[in-house]
Amino acid sequence: MHQRAHDFVAANLPDKLSYVVEVGSRDINGGIKDLLGDARYHGIDIEPGRGVDEVADGASWVPAGKTRPDAIICLEVLEHTEMWPDIIMQIGSWAKPGSTLLVTAAGPKRKPHSAVDGAEVRDGEWYENVRPDALQEVLEAAGFEDVTVVEVADDVQGKGVRAGG
């Protein structure tokens, strides 16, 4: 995660948080835990590593138990999987009404980069920049309201609130 993504989360997190889930939580170059205060945090990623509480695929993961997060964070993940719409749709299926989803991804202007270390994309590694209009469409289809998607430099930043809150 880079500084612009961190700043986006800092500016858009709800004021009162008790529980936060991060999809794609492996800390390659920084994380968001410093922004969460006393909120409980659960990080999932398809690879083990720093910041990962559970190895799981965001396209099929569902939180255990009845507690649902106040905020769901997904930073710099979507460009690394062609299943990214499935991840957003899955989040929409378990997000509680009123919860906030914050997403950043590589926008159309970003140079392709590896999910492993940010260097060049490796052979066999999937990569595609995310268009703002595509992210907007998927967030709305997943049941998020008050959706805002903007392009900032080479980033796409999206925010939505789960309907019914």
Side-chain angles (χ1 to χ4, degrees), residues 1-27 30-47 51-108 115 128-152 155-165:
M1 177 187 58
H2 54 79
Q3 190 62 46
R4 234 183 347 264
H6 187 272
D7 293 348
F8 171 72
V9 173
N12 289 283
L13 271 176
D15 291 332
K16 294 183 180 182
L17 291 173
S18 60
Y19 180 35
V20 175
V21 168
E22 185 174 12
V23 177
S25 63
R26 189 165 40 101
D27 182 348
I32 59 154
K33 287 184 179 180
D34 63 305
L35 301 174
L36 304 182
D38 294 331
R40 189 166 52 110
Y41 171 90
H42 189 77
I44 70 162
D45 201 292
I46 60 170
E47 298 284 336
V52 179
D53 298 305
E54 181 180 356
V55 175
D57 185 342
S60 59
W61 184 81
V62 176
K66 295 181 180 180
T67 304
R68 299 291 187 250
D70 308 299
I72 303 101
I73 314 294
C74 184
L75 307 175
E76 306 304 304
V77 170
L78 305 183
E79 66 267 26
H80 299 291
T81 175
E82 64 183 314
M83 303 289 292
W84 75 263
D86 297 329
I87 293 171
I88 300 297
M89 295 302 287
Q90 183 67 7
I91 291 169
S93 78
W94 55 257
K96 72 179 180 181
S99 62
T100 299
L101 171 61
L102 301 177
V103 178
T104 67
E128 184 175 289
N129 295 57
V130 177
R131 294 186 341 269
D133 61 322
L135 181 57
Q136 175 95 26
E137 182 180 312
V138 173
L139 288 170
E140 290 172 354
F144 290 92
E145 300 177 329
D146 301 323
V147 173
T148 304
V149 176
V150 296
E151 224 177 317
V152 178
D155 291 349
V156 173
Q157 301 174 341
K159 177 182 179 180
V161 176
R162 184 66 173 102

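Along the sequence shown, residues carry numbers from 1. Basis for what follows: all heavy atoms, side chains included, without hydrogens, waters or symmetry-related copies.
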Peer 1: Using side chain to side chain donor-acceptor pair (under 3.5 Å) as the criterion, list what pairs up with Asp38, not counting sequence neighbours.
Peer 2: none
Peer 1: What pairs meet the salt bridge (charged side-chain N to carboxylate O under 4.0 Å, His left out) rule with one or both residues in residues 1-11, with sequence neighbours excluded?
Peer 2: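 Of all non-adjacent pairs touching residues 1-11, those that pass salt bridge (charged side-chain N to carboxylate O under 4.0 Å, His left out) are Arg4-Asp154, Arg4-Asp155.
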Peer 1: So Val149 and Leu139, side chain to side chain contact (heavy atoms under 4.5 Å, CB included) or not? Walk me through it.
Peer 2: CA-CA 9 Å; Val149 176; Leu139 288 170; 3.9 Å; yes
Peer 1: Is there a donor-acceptor contact under 3.5 Å from the side chain of Glu128 to the main chain of Glu79?
Peer 2: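 Between the backbone of Glu79 and the side chain of Glu128 there is no qualifying donor-acceptor contact (under 3.5 Å).
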Peer 1: Locate the shortest heavy-atom distance separating Ala115 from Arg26; write the atom from each residue and the value.
Peer 2: O-NH2, 3.7 Å
Peer 1: Applying side chain to side chain donor-acceptor pair (under 3.5 Å), can you list everything that pairs with Thr104, at least two apart in sequence or on another chain?
Peer 2: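 Counting only residues at least two positions away or on another chain, Thr104 forms a side chain to side chain donor-acceptor pair (under 3.5 Å) with Glu76.
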Peer 1: List the atom pairs, with distances to 0.1 Å, where a side-chain N or O of residues 86-96 and a protein N or O form a donor-acceptor pair under 3.5 Å, not counting sequence neighbours.
Peer 2:
from, atom 1, to, atom 2, distance (Å)
Gln90, NE2, Ser60, O, 3.4
Gln90, NE2, Trp61, O, 3.1
Ser93, OG, Gln90, O, 2.7
Trp94, NE1, Trp61, O, 3.1
Trp94, NE1, Gln90, O, 3.2
Lys96, NZ, Asp70, OD1, 3.0

Peer 1: Rounded to the nearest 0.5 Å, how far apart are CD1 of Ile73 and OG1 of Thr100?
Peer 2: 8.5 Å
Peer 1: Measuring from Ser25:OG to Tyr41:OH, what's the distance to the nearest 0.5 Å?
Peer 2: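 OH of Tyr41 is found 4.0 Å from OG of Ser25.
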Peer 1: Below 4.5 Å, heavy atoms only, C-beta onward: do Leu75 and His6 meet side chain to side chain?
Peer 2: no
Peer 1: Apply side chain to side chain contact (heavy atoms under 4.5 Å, CB included) to Thr148 and list each qualifying residue two or more places apart in sequence or on a separate chain.
Peer 2: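 Partners of Thr148 by the side chain to side chain contact (heavy atoms under 4.5 Å, CB included) criterion, ordered by chain and then number, come out as Val150.
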Peer 1: When rounded to the nearest 0.5 angstrom, what distance separates CG in Leu135 from CD in Glu140?
Peer 2: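 Taking CG in Leu135 and CD in Glu140, the distance rounds to 10.0 Å.
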Peer 1: Please list, chain by chain and in numerical order, all residues satisfying side chain to side chain contact (heavy atoms under 4.5 Å, CB included) with Ala10, sequence neighbours excluded.
Peer 2: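 For Ala10, the residues satisfying side chain to side chain contact (heavy atoms under 4.5 Å, CB included) (neighbours in sequence not counted) are Leu35.
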Peer 1: Enumerate the salt bridge (charged side-chain N to carboxylate O under 4.0 Å, His left out) contacts for residues 11-23, please, sequence neighbours excluded, ordered by first and then second residue.
Peer 2: none
Peer 1: Check step by step if side chain to side chain contact (heavy atoms under 4.5 Å, CB included) holds for Val103 and Val156.
Peer 2: CA-CA 8 Å; Val103 178; Val156 173; over 6 Å; no
Peer 1: Sequence neighbours excluded, which residues qualify as ring-ring contact (aromatic ring centres under 6.0 Å, His included) partners of His80?
Peer 2: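 If we apply the ring-ring contact (aromatic ring centres under 6.0 Å, His included) test to His80, skipping adjacent residues, the hits are His113, Tyr127.
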Peer 1: If we only count heavy atoms from C-beta on, is the Arg40 to Leu17 side-chain gap below 4.5 Å?
Peer 2: no
Peer 1: Measure across Val20 and Ala39 and return the closest heavy-atom pair with its distance rounded to 0.1 Å.
Peer 2: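 Between these two residues, the closest heavy atoms are CG2-CB, 4.3 Å.
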Peer 1: Please evaluate residues Ile44 and Val55 with respect to the criterion side chain to side chain contact (heavy atoms under 4.5 Å, CB included), reporting the C-alpha separation (whole Å), side-chain torsions for both, the decisive distance (0.1 Å), and the verdict.
Peer 2: CA-CA 6 Å; Ile44 70 162; Val55 175; over 6 Å; no
Peer 1: Can you list the steps and then say if Val161 with Ser99 is a side chain to side chain contact (heavy atoms under 4.5 Å, CB included)?
Peer 2: CA-CA 6 Å; Val161 176; Ser99 62; over 6 Å; no
Peer 1: Can you sort out the partners of Asp27 under side chain to side chain donor-acceptor pair (under 3.5 Å), two or more places apart, ordered by chain and number?
Peer 2: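 Partners of Asp27 under the side chain to side chain donor-acceptor pair (under 3.5 Å) test: Arg50.
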Peer 1: Quick one: list whatever passes salt bridge (Lys or Arg N to Asp or Glu O under 4.0 Å) with Arg68, sequence neighbours left out.
Peer 2: none
Peer 1: If every non-hydrogen atom of Val130 is compared with every non-hydrogen atom of Ala105, which pair is closest and at what distance?
Peer 2: CG2-CB, 3.9 Å
Peer 1: Got a sec: does the CD of Glu137 have more than 12 other heavy atoms crowding it under 6.0 Å?
Peer 2: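 Count not over threshold, so no.
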Peer 1: If only atom types and distance count, is the side chain of Arg162 paired as donor or acceptor with the main-chain N or O of Gly143 below 3.5 Å?
Peer 2: yes
Peer 1: So which heavy atom on Val21 is nearest to which on Pro69, and how close?
Peer 2: CG2-CG, 3.8 Å
Peer 1: Which residues pass the side chain to side chain donor-acceptor pair (under 3.5 Å) test with Asp53, not counting sequence neighbours?
Peer 2: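 In terms of side chain to side chain donor-acceptor pair (under 3.5 Å), with neighbours along the sequence ignored, Asp53 is linked to no residue.
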Peer 1: Can you name the residues that form a side chain to side chain contact (heavy atoms under 4.5 Å, CB included) with Ile46, not counting sequence neighbours?
Peer 2: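 Scan of Ile46 (side chain to side chain contact (heavy atoms under 4.5 Å, CB included), adjacent residues dropped) gives Asp57.
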Peer 1: Between Leu102 and Phe8, what is the shortest heavy-atom contact and its length?
Peer 2: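 So the two residues come closest at CB-CE2, 3.9 Å.
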